[in-house]
**Student:** 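Could you have a look at this structure, given as structure tokens, before my questions?
Chain letters run A, B, ... following the sequence lines, proteins first and then strands; every chain starts at 1.
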Amino acid sequence: MTDLQSHLRDRLLTVLTDLGLDRAAAEPLLQLGPPKNRDHGDVALGAFQLAKLAGKAPPALAGEIAGKIGADGVIASAEAAGPFVNFRFARAALAKQVLTAIAANEAPYGPASGNGQVVCIDFSSPNIAKPFHIGHMRSTVIGNSLCRIHRHLGATVHGINHLGDWGMPFAKMMTAYMHWGDETELHKSPMRYMFDLYKRYSQAAKDDPALDAEAAKHFQALESGEDNAERRMWQFLRDESLQAFQGPYSRLGVTFDHITGESFFEDKMEAAMQRVTAAGVLEESDGAEVVWLKEQGIKQPCLLRKSDGTTLYHTRDLAAAFYREETFHPDRILYVVGAEQKLHFDQLEGVLKKMGEKVADAVEHVPFGLVLSKTEDGKWEKFASRAGNAVFLDEILDESVAKVRNVIAEKNPDLEDKEAVAEQVGVSAIVFNDLKNSRIKDVKFDWDAMLNFEGETGPYVQYACARLASILRKAETPVPAPDAIDFALLADAERVLLTMMDFGAAVQRAAEQSEPSVVTSHTIALAGEIHSYLREHHVLGAEPAVRDARLFLVDAARRLLTTGLGLLGIAAPERM
RNA sequence: GCGCCCGUAGCUCAGCUGGAUAGAGCGUCGGCCUCCGAAGCCGAAGGUCAGAGGUUCGAAUCCUCUCGGGCGUGCCA
């Protein structure tokens, strides 16, 4: 069954051709979209551009289109309203097309088969010499969602954790451990212990600048490639940290296809540097090796080697870009990294461009805003981790889960598996909150808002799923087959159906713009529509044919909400 | 100083790349559980889209400037 939108497009193009317009010229000008107000119709056509092409006034052309298109089995009506034409689909066709596609798990509601795109997504990438705190969460959950969205659309996805396991921060941690480290203490609570070491080092380095010099020496020794004390210490701390990070990752349901941190590129940086040299873009400046990008409007040069001979973040990212190009042949490489690092990625892209590397076109920084906390006087400011008051992600998740536990005790005390459900719902509330708004916006970390599970929240959408699952359980009969359904009986579900129909476009846009919040918004909208519908339309008590049709609708809604939440990396419990 | 980002209801945000009367949630006020899950639903109040110019049939959306706030700005990542 062809989908409704393309049927409408085809019919429109035929009509426009009859009206004397060139089909190829008209096609890109076909502005179809949801009307401002869904009471106007299901889909609206703005006739502005087409009118220009036809040399007519928009309202005149709109009138001609509306008059000429005529109803068929799919299109129920077409009405001109000024420069717009509002279309309405036949209710039975709308219900049948949308719901059977969802039931069959067909694209766009289900995963598409390969679309040929290869997408590398560099996300999370924490500096593992520091604890996993609230600030690390954004890249992790945004990147995780983007991986799922692109996979849903049929892309080959390489989710990459570009760990910060090299460079000065790690050298500082090593230095701290060499001075004060204790393995027994470390094993008691690795993340907390390393955070304490980190704090101790920062404090000590303020009074004693020699400490940073010592760290730099250790880094030099590490980068020498020799099997020395530094290397063994690095290996030890890396293993311990990485293991400690598994906790938050598994709670968030995040996995990676490649855990290739900065250290992975240790032996690939020389080749990368030679490539830069061969391209003739490397210059010496104050003892360092740099690439100037002034001609691209970037004033700060990209530093690739320090005057002490060691490498930098840029050097590793450059080597990583070459490696990814050769290994994966990506169409896009998304770097899910905070907006404060925009210059870094502009420089990376700039260097690749200056070298004439085509991978420059694939490089795409996906920036996001900061996490802010509320001050005493009600203002918002950046979370200060250096002051030693870092909020660990685990603590935030625990707090949320505890709140959910209370809500369950109050509203659903007989629930089985309370603990597992509390974990699912509590974690998802935090994740959902992070994915709710445009990623470039700063996240205002507000306990009250985050632990309020009413309105536009993760638990709200999950609650809709649980409610639908409950109806399906109580039906005590399997969901009827599609050919047993009289879809005309679902005319009253038009708002639910039209929202469902928007799903594909939402996922598409989320992928193009690297913006999971588009999917988040859609799940909220669909949950809202189905909640409203259920209020007015009882399922189980309806007469058999109506009951069957509504059961089919309920099942599809539950599936699509589950899919939508899945794209966000959020589980949909059957009960909560 | 320079570069980039943000500014929409009391608060937190949508607004689908220029189209119809600017929409949600929270909070406030008022309704709805003898009825499939009230973590829900329905309604009310609440906006000079920071401000000023410009572009055009049409601007919250594009351009310029101003004002607020934030981030960044050579050997950290």
Side-chain angles (χ1 to χ4, degrees), chain A residues 31 33-37 40 44 46 48 51-52 57-58 81-84 86 125 127 129-130 164 166-170 172 262 285-290 297-308 310 312-314 316-317 337-344 346 367 369-370 372 378-382 404 407-408 410-412 425 436-438 440-442 444 446 448-449 452-457 459-464 466-475 502 505-506 508-509 513 517-518 521 524-525 527-528 531-532 534-542 550 554 575-576:
Chain A
Q31 302 177 328
K36 194 83 188 167
N37 184 335
H40 292 147
F48 304 97
K52 197 167 278 182
F84 295 93
N86 294 313
S125 309
N127 190 323
K130 297 179 187 176
W166 205 248
M168 279 305 287
F170 213 90
K172 289 177 182 178
E262 295 186 49
S285 173
D286 296 336
E289 292 176 31
V290 309
I298 302 173
K299 288 176 183 165
Q300 296 82 357
C302 178
L303 269 80
L304 291 174
R305 198 193 301 276
K306 294 194 279 187
S307 44
D308 70 359
T310 57
L312 289 141
Y313 182 28
H314 267 125
R316 273 152 253 150
D317 258 340
V337 180
E340 67 275 15
Q341 291 194 41
K342 182 183 189 300
L343 176 61
H344 170 82
D346 283 349
L370 302 167
L372 306 180
K379 289 188 173 180
W380 294 101
E381 69 172 21
K382 189 175 177 177
V404 174
V407 177
I408 289 174
E410 182 192 325
K411 298 181 190 274
N412 199 356
V425 175
K436 191 165 70 174
N437 301 139
S438 315
I440 200 65
K441 288 257 165 57
D442 293 337
K444 274 97 175 180
D446 178 349
D448 292 339
N452 175 14
F453 302 148
E454 291 166 15
E456 298 173 339
T457 65
Y460 172 84
V461 180
Q462 290 180 316
Y463 180 75
R467 209 178 153 189
L468 294 166
S470 169
I471 292 173
L472 292 166
R473 269 197 309 275
K474 288 186 174 153
D502 292 337
Q508 196 72 45
R509 189 153 73 93
Q513 302 177 359
S517 65
V518 179
S521 299
I524 293 170
H531 271 310
S532 298
L534 291 178
R535 175 75 178 181
E536 298 299 324
H537 306 88
H538 277 232
V539 177
L540 302 180
R550 288 180 181 169
V554 163
R575 303 168 211 251
M576 63 186 271

**Student:** Select base, sugar-phosphate, or nothing to describe what A:A339 touches, counting heavy atoms under 4.0 Å on all strands.
**Tutor:** nothing

**Student:** Hey, which of these two, A:V518 or A:G167, hits RNA chain B nearer its 5' end, going by closest nucleotide?
**Tutor:** A:V518

**Student:** Say you pick atom P in B:C32 and the same atom in B:A38; how far apart are they, in whole Å?
**Tutor:** 15 Å

**Student:** Tell me what A:H314 touches on the nucleic acid: a base, only sugar-phosphate, or nothing, going by heavy atoms under 4.0 Å.
**Tutor:** nothing

**Student:** Checking all strands, does A:D286 fall into the base, sugar-phosphate, or nothing category for heavy-atom contacts under 4.0 angstrom?
**Tutor:** base

**Student:** For A:Q31 and B:G18, give me the distance from atom CD to atom C1', rounded to whole Å.
**Tutor:** 9 Å

**Student:** Would you classify B:U17 as syn or anti? Syn applies when the glycosidic angle is within 90° of 0.
**Tutor:** syn

**Student:** Work out how far the P atom of B:G54 is from that of B:A60, and round it to whole angstrom.
**Tutor:** 15 Å

**Student:** What interatomic distance, in whole Å, is found between C1' of B:C36 and the corresponding atom of B:G30?
**Tutor:** 27 Å

**Student:** Requiring both pairing distances under 3.5 angstrom, list the stems that contain RNA chain B and are made of three or more consecutive Watson-Crick or G-U pairs.
**Tutor:** B:1-7 with B:67-73, B:10-13 with B:23-26, B:28-32 with B:40-44, B:50-54 with B:62-66

**Student:** Taking OP1 and OP2 of B:A14, is either one under 4.0 Å from a side-chain nitrogen or oxygen of A:S438?
**Tutor:** yes

**Student:** Which residues pass the side-chain contact (heavy atoms from CB on, under 4.5 Å) test with A:H314, sequence neighbours left out?
**Tutor:** A:C302, A:L304, A:H344, A:Q347

**Student:** Which residues pass the side-chain contact (heavy atoms from CB on, under 4.5 Å) test with A:A51, not counting sequence neighbours?
**Tutor:** A:P58, A:L61

**Student:** Measuring only the P atom in each nucleotide, how far is B:G47 from B:C63? A whole number of Å is fine.
**Tutor:** 29 Å

**Student:** Report yes if at least one side-chain N or O of A:K306 is closer than 4.0 Å to OP1 or OP2 of B:C76; otherwise report no.
**Tutor:** yes

**Student:** Sugar-phosphate means primed atoms, P, OP1 and OP2; the rest is base. With that split, encode nucleotides 37-44 of chain B 5' to 3' as B, S or - using protein heavy atoms under 4.0 Å.
**Tutor:** BSBBSS--

**Student:** Kindly give the heavy-atom pair with the smallest separation between A:N412 and A:M576, and that separation in Å.
**Tutor:** ND2-O, 2.5 Å

**Student:** Less than 4.0 angstrom between a side-chain N/O of A:W380 and OP1 or OP2 of B:U12, yes or no?
**Tutor:** yes

**Student:** From B:A20, B:C13, B:C26, pick the nucleotide closest to the side chain of A:N437?
**Tutor:** B:C13

**Student:** Go through the structure and list residues passing side-chain contact (heavy atoms from CB on, under 4.5 Å) with A:D308, not counting sequence neighbours.
**Tutor:** A:Q220, A:K306, A:T310

**Student:** Across the strands shown, which category fits A:A44 at heavy-atom distances under 4.0 angstrom: base, sugar-phosphate, nothing?
**Tutor:** base

**Student:** Where does B:C13 land, syn or anti, once you apply the within-90°-of-0 test for syn?
**Tutor:** anti

**Student:** Applying a 4.0 Å non-hydrogen cut-off, can you work out what A:L312 is touching in the nucleic acid: base, sugar-phosphate, or nothing?
**Tutor:** sugar-phosphate

**Student:** Looking only at atom C1', what distance separates B:G31 and B:G69, rounded to whole Å?
**Tutor:** 41 Å

**Student:** Test of understanding: with side-chain hydrogen bond (donor to acceptor under 3.5 Å, both in side chains), list the residues that count as partners of A:S125, not counting sequence neighbours.
**Tutor:** A:D122

**Student:** For A:P58, which contact category applies under a 4.0 Å heavy-atom criterion: base, sugar-phosphate, or nothing?
**Tutor:** nothing

**Student:** Determine: side-chain N/O of A:K444 to OP1/OP2 of B:C13, distance under 4.0 Å, yes or no.
**Tutor:** yes

**Student:** I need the minimum non-hydrogen distance between A:T457 and A:N452, along with the two atoms involved.
**Tutor:** CG2-O, 3.3 Å

**Student:** Among B:A77, B:C76, B:C13, which nucleotide sits nearest the side chain of A:Q341?
**Tutor:** B:A77

**Student:** With distance as the sole test, does A:N86 use its side chain to make a donor-acceptor pair with the main-chain N or O of A:A44 at under 3.5 Å?
**Tutor:** no

**Student:** Please evaluate residues A:H531 and A:Y460 with respect to the criterion ring pair (Phe, Tyr, Trp, His ring centres under 6.0 Å), reporting the C-alpha separation (whole Å), side-chain torsions for both, the decisive distance (0.1 Å), and the verdict.
**Tutor:** CA-CA 10 Å; A:H531 271 310; A:Y460 172 84; 5.3 Å; yes

**Student:** Can you name the nearest heavy-atom pair linking A:H40 to A:P35, along with the distance?
**Tutor:** CB-CB, 4.1 Å

**Student:** Over all strands shown, is A:L370 touching base, sugar-phosphate only, or nothing at heavy-atom distances under 4.0 angstrom?
**Tutor:** sugar-phosphate

**Student:** Give A:K299 one of three labels, base, sugar-phosphate or nothing, depending on what nucleic acid heavy atoms sit under 4.0 Å from its own.
**Tutor:** sugar-phosphate

**Student:** Taking atom P in both B:C57 and B:G23, compute the distance separating them and give it to the nearest angstrom.
**Tutor:** 26 Å

**Student:** Pick base, sugar-phosphate or nothing for A:P367, based on heavy-atom distances below 4.0 Å to the nucleic acid.
**Tutor:** nothing

**Student:** With rounding to whole Å, what would you report as the distance between B:C49 and B:U21 at their P atoms?
**Tutor:** 15 Å

**Student:** Pick base, sugar-phosphate or nothing for A:E262, based on heavy-atom distances below 4.0 Å to the nucleic acid.
**Tutor:** sugar-phosphate

**Student:** Tell me: CG of A:D502 to C1' of B:G15, nearest whole Å?
**Tutor:** 14 Å

**Student:** To the side chain of A:L343, which of B:G72, B:U12, B:C2 is closest?
**Tutor:** B:G72

**Student:** Who pairs with A:E340 by side-chain contact (heavy atoms from CB on, under 4.5 Å), at least two apart in sequence or on another chain?
**Tutor:** A:L370

**Student:** Using a 4.0 Å heavy-atom cut-off, write out nucleotides 55-64 of chain B from 5' to 3' as B (base contacted by protein), S (sugar-phosphate only) or - (no contact).
**Tutor:** ----------

**Student:** My understanding is that only residues two or more places apart in sequence, or in another chain, count here; which of them pass side-chain hydrogen bond (donor to acceptor under 3.5 Å, both in side chains) with A:S517?
**Tutor:** A:E515

**Student:** If I take atom CG in residue A:D446 and atom P in nucleotide B:C13, what distance separates them, rounded to the nearest angstrom?
**Tutor:** 10 Å

**Student:** Taking atom types as they are modelled, is there a donor-acceptor pair under 3.5 Å from the base of B:A20 to the side chain of A:N86?
**Tutor:** yes

**Student:** Apply ring-ring contact (aromatic ring centres under 6.0 Å, His included) to A:H538 and list each qualifying residue two or more places apart in sequence or on a separate chain.
**Tutor:** none

**Student:** With centres under 5.5 Å and planes under 30°, do A:H538 and B:C36 count as stacked?
**Tutor:** yes

**Student:** Which protein N or O atoms sit under 3.5 Å from an N or O of nucleotides 7-9 of chain B?
**Tutor:**
none

**Student:** With sequence neighbours left out, write down each residue that passes side-chain hydrogen bond (donor to acceptor under 3.5 Å, both in side chains) with A:K342, or none if nothing qualifies.
**Tutor:** A:D346

**Student:** Provide, to the nearest angstrom, the distance between the CD1 atom belonging to A:I298 and the C1' atom belonging to B:G74.
**Tutor:** 14 Å

**Student:** Assess the side chains of A:E454 and A:Y463: does a donor N or O sit below 3.5 Å from an acceptor N or O?
**Tutor:** no

**Student:** Is there aromatic stacking of A:H344 against B:A77, centre distance under 5.5 Å, plane angle under 30°?
**Tutor:** no

**Student:** What integer number of Å spans the C1' atoms of B:C42 and B:U48?
**Tutor:** 31 Å

**Student:** Touch check for A:V337, heavy atoms < 4.0 angstrom, all strands: base, sugar-phosphate only, or nothing?
**Tutor:** nothing

**Student:** For A:R316, answer base if it contacts any base atom (sugar-phosphate contacts may also be present), sugar-phosphate if it contacts only those atoms, and nothing otherwise; contact means non-hydrogen atoms under 4.0 Å.
**Tutor:** sugar-phosphate

**Student:** When we call it a touch if two heavy atoms are under 4.0 Å apart, what does A:L303 touch: a base, just sugar-phosphate, or nothing?
**Tutor:** base

